[in-house]
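Report on one structure; see the data block that follows.
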Amino acid sequence: MNSNRGVHLEKEKRSELIVFGQTLQSIRKSRGFTQDELSLYSKVDRSFISELETGIKAATFPTILSLTKALNLSPSEFMKQYETNFSEYIKRHPL
């Protein structure tokens, strides 16, 4: 793999983490949850929720299931919102 491709993939992964976190935070706030409340209902550590929302960490599928269940929406609804947000993000921040 050439270095330009590696940089592009790294930038894309970072963008995905940022948008995932923004999506999670937006939905959490729209549902009226604090990070502490979401942690309580989802059984996901509050500090990890913070790391997800700031794009520092990536969520596993079981974590996504726990979070979306606590937020009372399906994983597919969450991913639809993520895809919409990612498309908008890429328009503003081309890879």
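This one's a predicted model, so the numbers in the text were calculated from it and none came from an experiment. Values below: all heavy atoms of this structure, side chains included; hydrogens, waters and symmetry mates excluded.
Contacts of Ser42 classified as side chain to side chain donor-acceptor pair (under 3.5 Å), with partners at least two apart in sequence or in another chain: none. For the ring pair (Phe, Tyr, Trp, His ring centres under 6.0 Å) test, residues two or more places apart in sequence or in another chain that qualify with Tyr41 are Phe33. By the salt bridge (charged side-chain N to carboxylate O under 4.0 Å, His left out) test, Glu88 pairs with Lys91, sequence neighbours left out. Under the side-chain contact (heavy atoms from CB on, under 4.5 Å) criterion, Ser74 pairs with Ser76, Glu77, not counting sequence neighbours. The side chain to side chain donor-acceptor pair (under 3.5 Å) search around Asn85 returns Thr23, Gln81, not counting sequence neighbours. By the side-chain contact (heavy atoms from CB on, under 4.5 Å) test, Thr60 pairs with Pro62, Thr63, sequence neighbours left out.
With side-chain heavy atoms closer than 4.5 Å counting as contact, directly or through intermediates, the hydrophobic cluster containing Leu65 also holds Phe61. The hydrophobic cluster analysis finds Ile56 isolated: no Ile, Leu, Val, Met, Phe, Trp or Tyr side chain comes under 4.5 Å of it, directly or through other members.
Within the 4.5 Å cutoff, the side chain of Leu40 has no heavy atoms near those of the Glu37 side chain.
Here the straight-line distance linking atom CG of Leu73 with atom NZ of Lys80 works out to 11.0 Å at 0.5 Å rounding. Between the NZ atom of Lys43 and the CG atom of Leu67 there is a distance of 12.5 Å, given to the nearest 0.5 Å. In this structure, Ser15 OG and Ile90 CD1 are separated by 5.0 Å, a value rounded to the nearest 0.5 Å.
Residue pairs satisfying the salt bridge (charged side-chain N to carboxylate O under 4.0 Å, His left out) criterion with at least one member in residues 9-36, sequence neighbours excluded, are listed as follows: Arg28-Glu53, Asp36-Arg46. Sorted by first and then second residue, the pairs that involve residues 62-95 and meet ring pair (Phe, Tyr, Trp, His ring centres under 6.0 Å), not counting sequence neighbours, are Phe20-Phe78, Tyr82-Phe86, Tyr89-His93.
Connection of Leu17 to Ile64 is not established within any shared hydrophobic cluster, with ILVMFWY side chains joined at heavy-atom distances below 4.5 Å, either directly or through further cluster members.
Here the shortest heavy-atom pairing between Leu38 and Ala70 reads CD1-CB, 3.8 Å.
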For side-chain contact (heavy atoms from CB on, under 4.5 Å), just list the numbers for Ser66 and Val44, CA-CA rounded to whole Å, side-chain angles, deciding distance to a tenth of an Å, and then say yes or no.
-> CA-CA 7 Å; Ser66 295; Val44 175; 4.1 Å; yes
Using the side-chain contact (heavy atoms from CB on, under 4.5 Å) rule, take Leu71 and Leu24 through it: C-alpha gap first, then chi angles, then the decisive distance, then the call.
-> CA-CA 10 Å; Leu71 292 166; Leu24 177 60; 3.9 Å; yes
Candidate pair Gln35 and Ser50, rule side-chain contact (heavy atoms from CB on, under 4.5 Å), full reasoning | CA-CA 7 Å; Gln35 287 181 346; Ser50 177; 3.7 Å; yes
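For the pair Ser26 (side chain) and Gln22 (backbone), a donor-acceptor distance under 3.5 Å is absent.
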